[in-house]
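Have a look at the structure below, then the notes.
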Amino acid sequence: MTKLLKGARIIDPSQNMDAIADLLIEDGKVAAIGEGLSGDEVVDCTGLVLSPGLIDLHVHLREPGQEYKEDIESGTMAAAAGGVTGVVCMPNTVPPIDDPVIVRGILQRAAEVGKARVYPAAAVTRNLQDEGLTDMAALKQAGAVAVTDDAHPLALAGVLRRACEYAQMFKLPVMLHCEDKTLSGEGFMNEGYTSTEIGLKGMPTIAEDIHVSRNCTMSLYTGAHVHMLHVSSAFSVDLIRKAKARGANVTAETCPHYFTLTDEACVGYDTNFKMNPPLRDEASRLAVLEGLLDGTIDAISTDHAPHAKMEKDKEFGYAPFGVVGLETSFAVSYTYLVKTGKMSLMELINKMSTMPARIIGVPGGSLKVGCVADIALFDINQEWTVDPDQFYSKSQNTTFKGWPLTGRAVHTLLGGETVYQLR
Ligand code: DOR
């Protein structure tokens with residue numbers, strides 16, 4: 001039984017393809033791309049953009065342990081609804097992903113109920129305690145694609161050095177949340193004019209910059225692949241640019257809220273604008289954008305961080321850090337990067353699919369014949385308004401509520417099977 005996706009505009013950065021053609025799927029794989037193909041089941045894709053499914057390097061699925069916020073089923077359904085066919089899930093679960101048994105458990109659950117491929121990122125240190133390293137060999141063997149203590153930044157350079165040397169032996173990227181807690185302290189938002197004006201404790205950009213600087217240096221010293229998570233500050237972008245110019249094995253990601261919003265969004269004390277790192281000032285927003293455009297920032301991820309309404313419905317200082325993003329990442333990026341003419345659609349798909357696949361070394365991000373048929377179909381002309389009540393995610397903590405956006409995933413396939421179709 002073959003499936004033919006007919007007449008779409010196929011965009012595949014891995015083969016520099018942007019053409020109207022048919023794509024044939026057989027046994028869950030791309031069997032052919034061309035004109036006038038035939039298949040058993042034909043899906044008319046006229047007017048749609050067809051790309052390799054998006055891969056999000058930074059997602060909190062909250063399972064095990066915090067399923068009231070999200071679980072593997074709801075989180076991967078949210079992914080599918082955003083055209084995302086692969087997610088890297090972060091290890092700050094309860095218990096954390098620091099043991100091969102938990103990696104296997106997540107993969108088993110994902111195989112049972114997942115609507116997207118789940119790639120566990122395992123912890124760097126046991127129980128995310130910044131001390132003893134995890135058994136990275138066993139974690140990789142169980143299926144982990146990277147190591148990170150995300151949300152619990154590695155404070156000690158000595159631990160980071162050993163982590164880099166160890167992870168490098170197994171070709172595991174070390175993903176780092178860049179924050180010196182002695183500098184960010186008890187802050188809730190970016191430290192600057194706005195935090196002073198509204199009287200909230202600030203987190204200075206140097207808390208991020210000093211870690212980015214250290215982490216780039218450590219990558220240069222050890223040769224390990226260091227991936228900078230959710231980059232938000234201007235100086236950090238420049239540090240990464242310079243480290244890359246020196247040949248450092250570093251990659252970097254940012255998230256849609258960092259190139260569309262500034263800390264002024266916190267003026268109304270709405271906790272849906274509270275995340276870590278925080279929204280920065282306009283100069284940083286522009287620098288992040290520049291970093292995306294000049295290739296310093298390789299990927300767009302979401303840091304999808306679901307939190308329940310009762311947790312976010314608190315005074316700014318008491319609410320948890322984090323915002324969801326899976327169901328809006330493509331549309332926000334398309335609207336603000338591609339529709340405005342700053343970036344080509346091919347480059348956006350490169351940053352949301354092909355590059356992420358390369359960074360973690362997984363299949364996907366490509367529609368070459370023989371590749372897995374993980375596919376997103378987008379209507380890039382569809383205009384819609386973000387309504388968190390319509391989310392598949394269990395949580396609604398988005399920065400983009402009510403935003404008018406253009407471009408939307410309308411049909412997502414995983415291994416050639418439909419996992420989402422816009423209602
Ligand atoms: O905003 C954030 N939320 N930043 C992090 O680093 C962690 C995340 C979470 O787990 O909620």
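Predicted, not measured: the structure shown is a model, and the values here were computed from it. The first residue of the sequence shown is numbered 1, and numbering continues consecutively from there. Ligands are counted one by one from 1 in listed order, and the atoms in each one are counted from 1 as well.
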For Glu253 and His58, test the side chains for any donor-to-acceptor distance below 3.5 angstrom and give the result as yes or no.
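Yes, a side-chain donor-acceptor pair sits under 3.5 Å.
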Would you say Pro277 and ligand 1 have an N/O pair spaced under 3.5 Å apart?
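No, Pro277 has no N/O under 3.5 Å of an N/O on ligand 1.
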Does the N or O separation between Val323 and ligand 1 drop below 3.5 Å for any pair?
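N/O-N/O distance under 3.5 Å: no.
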Give me the residue, atom name and distance of the protein heavy atom closest to [atom].
atom                   : result
atom 3 (N) of ligand 1 : Phe321 O, 3.2 Å
atom 7 (C) of ligand 1 : Ala151 CB, 3.6 Å
atom 2 (C) of ligand 1 : Asn276 O, 3.6 Å
atom 8 (C) of ligand 1 : His60 NE2, 3.7 Å

Angle class for the His230/His177 ring planes (parallel below 30°, perpendicular above 60°, tilted otherwise)?
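The rings of His230 and His177 stand perpendicular, inter-plane angle above 60°.
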Between Phe170 and Lys140, is there a cation-pi geometry (under 6.0 Å to ring centre, at most 45° from the normal)?
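Judged by the rule (NZ or CZ under 6.0 Å from the ring centre, within 45° of its axis), Lys140 is not positioned above Phe170.
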Ligand-side contact atoms (ligand 1) for residue partner [X], heavy atom cut-off under 4.0 Å:
X      : value
Asp150 : 6 (O)
His177 : 6 (O)
Asp303 : 2 (C), 4 (N)
Met275 : 1 (O)
Ala305 : 3 (N), 8 (C), 9 (C), 11 (O)

Output yes when Glu67 and Lys394 qualify as a salt bridge under the 4.0 Å nitrogen-oxygen rule, no when they do not.
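Between Lys394 and Glu67 there is no salt bridge, as every charged N stays at least 4.0 Å from the carboxylate O atoms.
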Check this for me: does any side-chain nitrogen of one of Asp374 and Arg117 sit under 4.0 Å from a carboxylate oxygen of the other?
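Counted as a salt bridge, because a side-chain N and a carboxylate O are separated by less than 4.0 Å.
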Is the shortest heavy-atom distance from the side chain of [X] to the side chain of [Y] under 4.5 Å?
X      : Y      : answer
Leu23  : Leu50  : yes
Leu337 : Ile300 : yes
Asp71  : Leu61  : no

Against ligand 1, does His307 come closer than 4.0 Å with any heavy atom?
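Heavy atoms of His307 do come under 4.0 Å of ligand 1.
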Heavy-atom contact check, 4.0 Å cutoff: does Arg62 meet ligand 1?
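It does, in that a heavy atom of Arg62 comes within the 4.0 Å cut-off of ligand 1.
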Do the ring centers of Phe330 and Phe378 come within less than 6.0 Å of each other?
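Yes; Phe378 has its ring centre under 6.0 Å from that of Phe330.
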